[in-house]
Amino acid sequence: MTQFNLVVNGESRQVEADPSEPLLWVLRDRLSLTGTKYSCGIGECGCCTVHVDGQAARSCQTSISSVAGKSVTTIEGLAPDGLHPVQQAWLVEAVAQCGYCQPGQIMTGAAFLARNPHPTDEDIDSAMSVALCRCGSYPRIRRAIRRAAKAGEA
Amino acid sequence: MSMKPTLERRDFLRVSAAAGGGLLLSICLPSCQAKPSSKSPTGTATATQRPGLEGPDVFRPAAYVLLRTDGIVTITVHRSEMGQSIRTSLAMILAEELDADWESIRIEQADADTQHIYGDQHTGGSRSTDLFYMPFRRAGAIARDLLITAAAHVWDIDKSMCTTDRGEVIRQDTSEKLPYSYLVPLAATLPVEPNAPVELKSPEDFRIIGTPMRSPDGPDFVAGSAAYGIDVQVPGMLYAVVARASSIGGRLTDYDDTRARLISGVLQVVPLKDAVAVVADSTWHALEGRRVLKLTTAGGPASEFDSQVEEARLMANLETDPESDELIAYYTVPFYSHAPMEPMNCLADARSDRCEVWVSTQDPQTVKHAVLSQTGLRDEQVVVHVPFLGGGFGRRLDVNSPIPLVTEAVELSSKVGAPVRLTWTREEDIQHDYYHPLSVTRVRASLSQVERPRLTRQEARGVPTGAWRAVTNVPEAFARESFLDEYAYALDMDPLELRRELSRPGAPRAVLDLVAEKAGWGTALPSGRGRGIAYHSTWGVTPVAQVAEVSIDTSGHVRVHRVVCAVACGQVINPDTVAAQMEGGIVFGLTAALKRCISISGGQVQQSNFDNYPLLRLDETPEIEVYILPSHDAPSGIGEMANPVIAPAVANAIFAAAGKRIRRLPISGEDILSR
């Protein structure tokens, strides 16, 4: 076990972990940030998506040692005082069904719009296809990202 | 003297003071009681039953409404929430008749109830809305009546001079208002009039039912604060994963845990029946411990099973020569896994005098019965909590099958003397599922007259199968609706016209007409595109028609561009939820139609994760339009109604686009390109 310093949702945190331990399990088991979900463990589904220094990252494929000294944002810290525009759009479009994949979808969408604030519909389809939803909320994810992008233009 | 029992209202309405100055109404509706079921106590849904039609408990609907002096109204929902938005729908139904302010509504999830308080909690078969529509309406109406009575006391007027609006009682002659929150303490002390009739709203007066209300759960879903089974944490909790043979029913004959015990954080290695658990201080350490276990395994009773061989056997059983002037065709639907995004998991805290379990389940009562019988504890010593389900689709109707997940979690907790969170990896979730059964359906009909096709289906045996969203409706709709298309061409009829001719008037024909109109049936399409239609009424209760537009590229890849869906589900509770269930069902059905299936070789499931059991992705999702037939008839279910329809709609569209008949799912490019 090694001690790692990182910033999680704006707060300095020290965690004891194996260097190879995925960030996913550090967040969930050691820091009780359970909004970041486990689903496939192989980086296929996107449920565990967080931001590392502002970039979307699959926390199940990200070792704790690789994020030492870096800033990690989880769904709990995406908008500390209220709702991120993507979260707002999500509520307006009533995207969630079971809701399990939605933190990962929202983190994927927020990172995408930060990088590409004026996306085309094709950009949205391509960017959001990295995250799986078994309930089939895709038509509404599409609409919510379009809405959030539009809100950013206003 | 009449022996007919009279309903004493005090028997079914219990008013009690709640902590913090509230009024708790427990409203039981004996008029809705049904006979106890004679069904087996396991409650397991088999592949041929409609889940939820029968349950292990007496069906005795009850509702709990907690009105507080701060204005918050808490409605207890006893059906499991897995994305069908049932918490919101049932709360809407009660809030409508209570005439509550929707913003004041909070929802509480009931624990497993084995005391016959809430009635059936078996959340399957798309039954929650139709079973509990009237009970929840009546409960709301009774609560409203009590608040009106309280206001009439305050004003010293007759009840008939009072009405309500959005959480307030209104005195009609003076327009004075009293909020429900103010009336709560008085209402809690009122004698309850026996046998007083309670009036229900006329559907024309609905302002919540039939309106796209926002779910009170929405903010928790987007904030990541909604707790699924996998998210529950309790003090002192340990983490476990289980190692077992990866084959179906395979046995663990020996293991070597020398290296596992050396992994830091691994606390215990605990043998279970045909399995061994690694208990650690974190999920990661448990996984690391499991990784270095050496297992010796042997095949189980399914070790000879091969899905290709089984398919050939079913086909051989059914194959027959057609009569003269008869059309016969055979349709294959494969094994599918449920693959909910939240893998199976359970948290158990088992002690000598009590046991508490948290598990995402569609059938909490059966779970509780299992824990009671395993532990020998009394009913009040066992609590089964039902967090949000990260997807259900039938998988969580029996969380103790084919592997006894809950039983193992309880055993582990009991053995290590601490709460234990048992988590399955995705690989276990896919390889130890009970699957949608592989089946072959023979369909035949006369070519000398238009008649309803006759279906005969045979299902695979020898491996675990069970309820998978819409169950038998999936192969039935695929076979019949694909056949009808072939039949229409053979009879030189338009596929829509043939369906209209065979359909009953009323909702079934109306959804066909509606979908045809909205999809522009019969109008020209861009070159290379084809349009297909299909219809099915899952469980015979909710007619759904869909038209799919597809194109096929040179490699045989199918692209679904647009799906138009028409649904007749009686009185709509939440139109936004109906649309969401149709959209979601279509996407779920497209994964089954266009992606991979489960194949089994030597008793081993060949798929293991989303890389080899992929789901449809957003960029493969068509534009979906949903149209709902207006109605004030009793509501019918929506959760399983869309997914059976899309595969035949797509298959029929492929024929229209490329002239190739699809008789086997999933649809493969090779099949389309083959001549």
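In what follows, chains carry the letters A, B, and so on, assigned in the order in which the sequence lines appear, proteins first and then strands, with residues in each chain numbered from 1. This structure is a prediction, so every number in the text was calculated from the model and none was measured.
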Nearest atoms (heavy-atom pairs only) where A/Gln97 meets B/Ala580: NE2-O, 3.0 Å
Student check: side-chain heavy atoms of A/Trp25 and B/Leu287 closer than 4.5 Å: yes
Polar contact flag, side-chain donor to acceptor under 3.5 angstrom, A/Asp29-B/Ser282: no
Contact winner vs chain B - A/Ser129, A/Gly99, A/Pro103, A/Gly136, heavy-atom pairs under 4.5 Å: A/Ser129
Contacting region of B/Ser225 [heavy-atom separation from chain A under 4.5 Å]: neither
Partner of A/Tyr138 under side chain to side chain contact (heavy atoms under 4.5 Å, CB included), chosen from B/Thr621, B/Ile624, B/Asp619: B/Thr621
Toward chain B, the part of A/Met128 with a non-hydrogen atom under 4.5 Å: both
A/Arg28/B/Asp231 salt bridge by N-O under 4.0 Å criterion: yes
Option in B/Val232, B/Leu616, B/Asp281 with maximal non-hydrogen atom pairs under 4.5 Å from chain A: B/Leu616
Which portion of B/Phe388 sits near chain A, non-hydrogen atoms under 4.5 angstrom: neither
Proximity of residues 587-595 of chain B to chain A, residues having a non-hydrogen atom under 4.5 angstrom: B/Val587, B/Phe588, B/Thr591
Contact origin within B/Gln233 toward chain A - heavy atom pairs under 4.5 Å: side chain
Nearest non-hydrogen partners of B/Val222 and A/Leu83, listed with the distance: CG2-CD2, 4.1 Å
A/Val95, part contacting chain B, at a heavy-atom distance under 4.5 Å: neither
Choice from A/Met1, A/Gln87, A/His84 maximising heavy atom contacts with chain B below 4.5 Å: A/Gln87
Side-chain touch B/Phe393/A/Cys135, heavy atoms, less than 4.5 angstrom: yes
Per-residue contact mode, B/Gln84 against chain A (heavy atom under 4.5 angstrom): neither
Structural part of A/Ser20 lying under 4.5 Å from a heavy atom of chain B: both
Heavy-atom proximity to chain A below 4.5 Å, by part of B/Ser85: neither
Option in B/Gly218, B/Ala339, B/Ala227 with maximal non-hydrogen atom pairs under 4.5 Å from chain A: B/Ala339
Part of B/Pro212 within contact of chain A (heavy atom distance under 4.5 Å): neither
Side-chain donor/acceptor of A/Tyr38 to backbone N/O of B/Arg426, under 3.5 Å: yes
Closest non-hydrogen atom pair between B/Tyr228 and A/Cys98, with its separation: OH-O, 2.6 Å
Side-chain heavy atoms of A/Tyr100 within contact of B/Leu389, under 4.5 Å: no
Interface moiety of B/His338 toward chain A, non-hydrogen atoms closer than 4.5 Å: backbone
Contact winner vs chain B - A/Arg142, A/Lys37, A/Gln102, heavy-atom pairs under 4.5 Å: A/Arg142
Contacting moiety of B/Met341, where chain A heavy atoms sit under 4.5 Å: both
Salt bridge present between B/Glu342 and A/Arg134 (N-O < 4.0 angstrom): no
Residues of residues 41-53 of chain A within contact distance of chain B, non-hydrogen under 4.5 Å: A/Ile42, A/Glu44, A/Cys45, A/Cys47
